[in-house]
Amino acid sequence: MGRFRLFDLNEPQRSAVTTIRGPLLILAGAGTGKTRVITARVAYLMAEGVKPENILAVTFTNKAATEMRERLAGMVEPDQAKKVTMSTFHALCVRILRAGIERLGYKNNFTIYDESDQLGLIRKIITRTAAQDEKLDPHQAKNLISKAKNNGWSAPADEKTLLSAVFARYQADLKTLNAVDFDDLLLLTVKLLSEHAEVREKWQLRFKYLMVDEFQDTNRLQLELVTLLADSNKNVAVVGDDDQSIYGWRGAEVANLLEFESHFPNPAVVKLEQNYRSTNAILGTANSLIKNNPRRRPKALWSAMEGGEKVRLIQAANDREEAQFVAEEIQRRSFAEGLPWEGFAVLYRMNAQSRLIEENLRRLQIPYRLVGGKSFFDSREIKDVLAYFSVLVNPDDDSNLLRIINTPARGISAGTIERATEWSARNKCSVWTALQSDGFLRELPARTVGKIAEFVELVDGYETKLNEPLADHHAVADKLLKEVGYAEDLKRTCKAADEVLKREENVRQLLQDLANFQGRSVKGLQGFLDEVMLDKSREEEEDIDKKKGVLLITLHAAKGLEFPHVFLIGLEEGVLPHDRSKVEGTLDEERRLLYVGITRAMRTLTLTYCRDRMKYGSVAPCHPSSFIKELAEEWIERKNLTEMMNAPVQEDAAKNGFARMRAMLARPT
DNA sequence: AATCGTCTGCTTTTT
DNA sequence: GCAGACGATT
């Protein structure tokens, strides 16, 4: 049984691990060893004779799935561990759909649309559908359609409003394009499993033991999916923490956790309440805050780590001073205690707040890592290359086809493209089909027909090359880009030389990723695209983990992480809780957001707020967050920033790094 | 087809 | 204060 030992677990953990029949609800507070329990439970199932291929563990992020997989590999035979399915909801759905989506009238080479693909299509539909005086914000439309789908509606109730017309059109277009968006992955899987008993039974037979992580974040469709996958035995173990539900705005239903009993009657319930992460000062602060929330599963987190430093609550004159303090304090502490930069994190409500912190860290030459923001995959060249790949797999997807049909320019004009799109709409087919239809080509001048034929031949030719046995996808892709002259096109369309270099490097990186993928998977170009679409942060996040430096991160993105020293900034009314939460009635969720932030801290926690803050380009006075008065005074130490900044460095704290610190502080800024 | 200027409207974003 | 979108202009 490898290195898996039950006696390493505390009593409730052990009970969670060894309860293997029937529904099980594990209420796992922050820092209570949740991942450990899940992986130990999988190992225990295997030790009890459950076949690894009959175990399914579902998570929300690829990162979590990977971590779990790695941990399990250290507990049981690695080749047995590989047979366990550990996957995100969406990746699982892709797998189920690739095997059976034909029953729903799609082809199994469907393309996965990300949010920008979605938005692009919706924009096009709105301009096509809206009357002169009608206006509909594409972003809003996208969000509303997404919300509707997550409620289980695959089509609008009527087509009376512009929105419902756009919704209907959007769903119909996706089907024609043989494309599915992220919501469809769930929606169509639920549809497939509920409407086709033989498919459902096949998967129920396959997965006899289900585990779901972060259950408080599941939405309606995800719960339905779990219900459909669980057979009559209902061996469903869910792990979650209602106090860490911070994705309600994305459709997550805490009710799935709070009312677990109504979906899976008579579950065993286990509470994990011993926290191994934080000091009692930090936990006491967190507990005092969260108890103000109604509708909770009552629980009391405790820690064996006595006391610890008090939580510091610091008022700054303005956001500039706040940022300056945070940066200097990180420097001071790091030098005084000889701590690496990775031990520090700065948490904030919104990304815009990172700017001043960045500036100040740079000024002090402190390395930092910024999570979030612009992605590698948002860049034009990556989208272009992925569009080429996508067209080779599914040429019926107009969006990707149109993206590359004349990129680089190959003599197919905007007018021709326009006519092809119209013709395809009239004849209810894809643009790709139109390009090969005599009826359409007849309308065009011979020269254009020739150009189109060349393009069709290009796509067909490379599709064939890719499908040859033992095809080296990286080499084929490289050859394709050379043949179309993509690099030259980059040089032509970019002004700055370093921009060209950057973009070329990105393309090179993507092709390298493809080569790596082929080295570890047999799923081909389609598999590569699936992975890219469902796990875009992959390379980036690995970078983040490898790099050193202070972590700058939003409260949302920080969930699941922990740091020895945490700075939580901007505790002001309007920022945290955010202004909008009051009109939207989501103050509880804002409170949980702060709770999540507080519970990230292991040893010290510093909360800051300002009297004035730059907002929308001008200075506005602000008030301390209403959450501050909920924090138990016994764990809090209020400090005056001005006094602190001027205070002499205390001797004992400074011993280790005093000289270095002096040198640093003396450095010109 | 590309670029410039003006307008707008400001969270969070696991997939 | 700034980014993103859109329309007018060359």
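Sequence lines set the chain letters: A, B, ... in the order given, protein chains first and strands last, and positions in each chain run from 1. Every heavy atom of this structure was used, including side-chain atoms; hydrogens, water molecules and symmetry mates were not.
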**Nearest-angstrom distance, P atom, B:dT13 to C:dG4** = 15 Å

**Item:** Inter-nucleotide C1' distance (C:dA5, B:dT12), Å rounded
**Value:** 22 Å

**Request:** Answer with base, sugar-phosphate or nothing: what part of the nucleic acid does A:Q118 contact at a heavy-atom distance below 4.0 Å?
**Result:** nothing

**Fill in**
Ranking C:dA5, B:dT11, B:dT14 by distance to the side chain of A:Y247, first place goes to B:dT14

**Asked** Can you check whether A:H90 stacks with the B:dT15 base, using ring centres under 5.5 Å and planes within 30°?
**Response** no

**Request:** Please work out if A:D217 contacts a base, only the sugar-phosphate, or nothing of the nucleic acid, heavy-atom cut-off 4.0 Å.
**Result:** base

**Close side-chain approach of A:L594 to A:I290, heavy-atom, < 4.5 Å** = no

**B:dT12 glycosidic torsion: syn (within 90° of 0) vs anti** = anti

**Asked** Rounded to the nearest Å, what distance is computed from the NZ atom of residue A:K147 to the P atom of nucleotide B:dT15?
**Response** 20 Å

**Side-chain touch A:I126/A:I122, heavy atoms, less than 4.5 angstrom** = yes

**Item:** A:T554 side-chain proximity, nearest of B:dT14, B:dT13, B:dT15
**Value:** B:dT13

**A:I96 CD1 - B:dT15 C1' separation (whole Å)** = 15 Å

**Complete:** Here the distance between atom P of B:dT8 and atom CG of A:D137, to the nearest Å, is 14 Å

**Item:** Whole-Å distance separating the CZ atom of A:R592 from the P atom of B:dT11
**Value:** 21 Å

**Message:** Is the distance from the ring center of A:H556 to that of A:W249 below 6.0 Å?
**Reply:** yes

**Asked** Are side-chain heavy atoms of A:T421 and A:D398 found at a separation under 4.5 Å?
**Response** no

**Prompt:** Of all the nucleotides listed (C:dA5, B:dT15, B:dT12), which has the minimum atom distance to the side chain of A:L534?
**Reply:** B:dT15

**Prompt:** In whole angstrom, what separates A:L92's CG from B:dT14's C1'?
**Reply:** 16 Å

**Request:** Figure out the CE/P separation between A:M350 and C:dA3, and round it to whole Å.
**Result:** 16 Å

**Prompt:** Do the side chains of A:T88 and A:V58 get nearer than 4.5 Å, heavy atoms only?
**Reply:** no

**Request:** Would you mind telling me which residue lines up with the more 5' stretch of DNA chain B, A:T88 or A:S413, judged by nearest nucleotide?
**Result:** A:S413

**Prompt:** Looking for any heavy atom pair under 4.0 Å, which part of the strands does A:R355 touch: base, sugar-phosphate only, or nothing?
**Reply:** sugar-phosphate

**Listed nucleotide nearest any side-chain atom of A:H139, set B:dT11, C:dA5, B:dT14** = C:dA5

**Asked** To the side chain of A:R580, which of B:dT15, B:dC10, B:dT12 is closest?
**Response** B:dC10

**Prompt:** Is A:D588 salt-bridged to A:R295, going by a charged N under 4.0 Å from an acidic O?
**Reply:** yes

**Message:** If you go through the side-chain atoms of A:R250, does one of them form a donor-acceptor pair with the base of B:dT15 closer than 3.5 Å?
**Reply:** yes

**Prompt:** Quick one: which of C:dG1, B:dT12, B:dT15 gets closest to the side chain of A:N62?
**Reply:** B:dT15

**Item:** Side-chain N,O (A:H578) to OP1/OP2 (B:dT11) below 4.0 Å
**Value:** yes

**Prompt:** Among C:dA5, B:dT12, C:dG1, which is the nearest nucleotide to the side chain of A:R349?
**Reply:** B:dT12

**Request:** Classify the nucleic acid contact of A:E214 as base, sugar-phosphate or nothing, counting any heavy atom under 4.0 Å across all strands shown.
**Result:** nothing

**Asked** Checking all strands, does A:M614 fall into the base, sugar-phosphate, or nothing category for heavy-atom contacts under 4.0 angstrom?
**Response** sugar-phosphate

**Request:** Provide, to the nearest angstrom, the distance between the CD atom belonging to A:E67 and the C1' atom belonging to B:dT14.
**Result:** 14 Å

**Item:** Non-hydrogen side-chain atoms of A:R380 and A:L490 separated by less than 4.5 Å
**Value:** yes

**Prompt:** What integer number of Å spans the C1' atoms of B:dT14 and C:dA3?
**Reply:** 25 Å

**Message:** Does A:E584 reach a base, just sugar-phosphate, or nothing at all? Heavy atoms under 4.0 Å.
**Reply:** base

**Prompt:** A:W249 side chain: which of B:dT14, B:dT13, C:dA5 is closest?
**Reply:** B:dT13

**Under 4.0 angstrom between A:N351 side-chain N/O and B:dT13 OP1 or OP2** = yes

**Message:** Distance check needed: C:dG4 P versus A:R123 CZ, whole Å only.
**Reply:** 12 Å

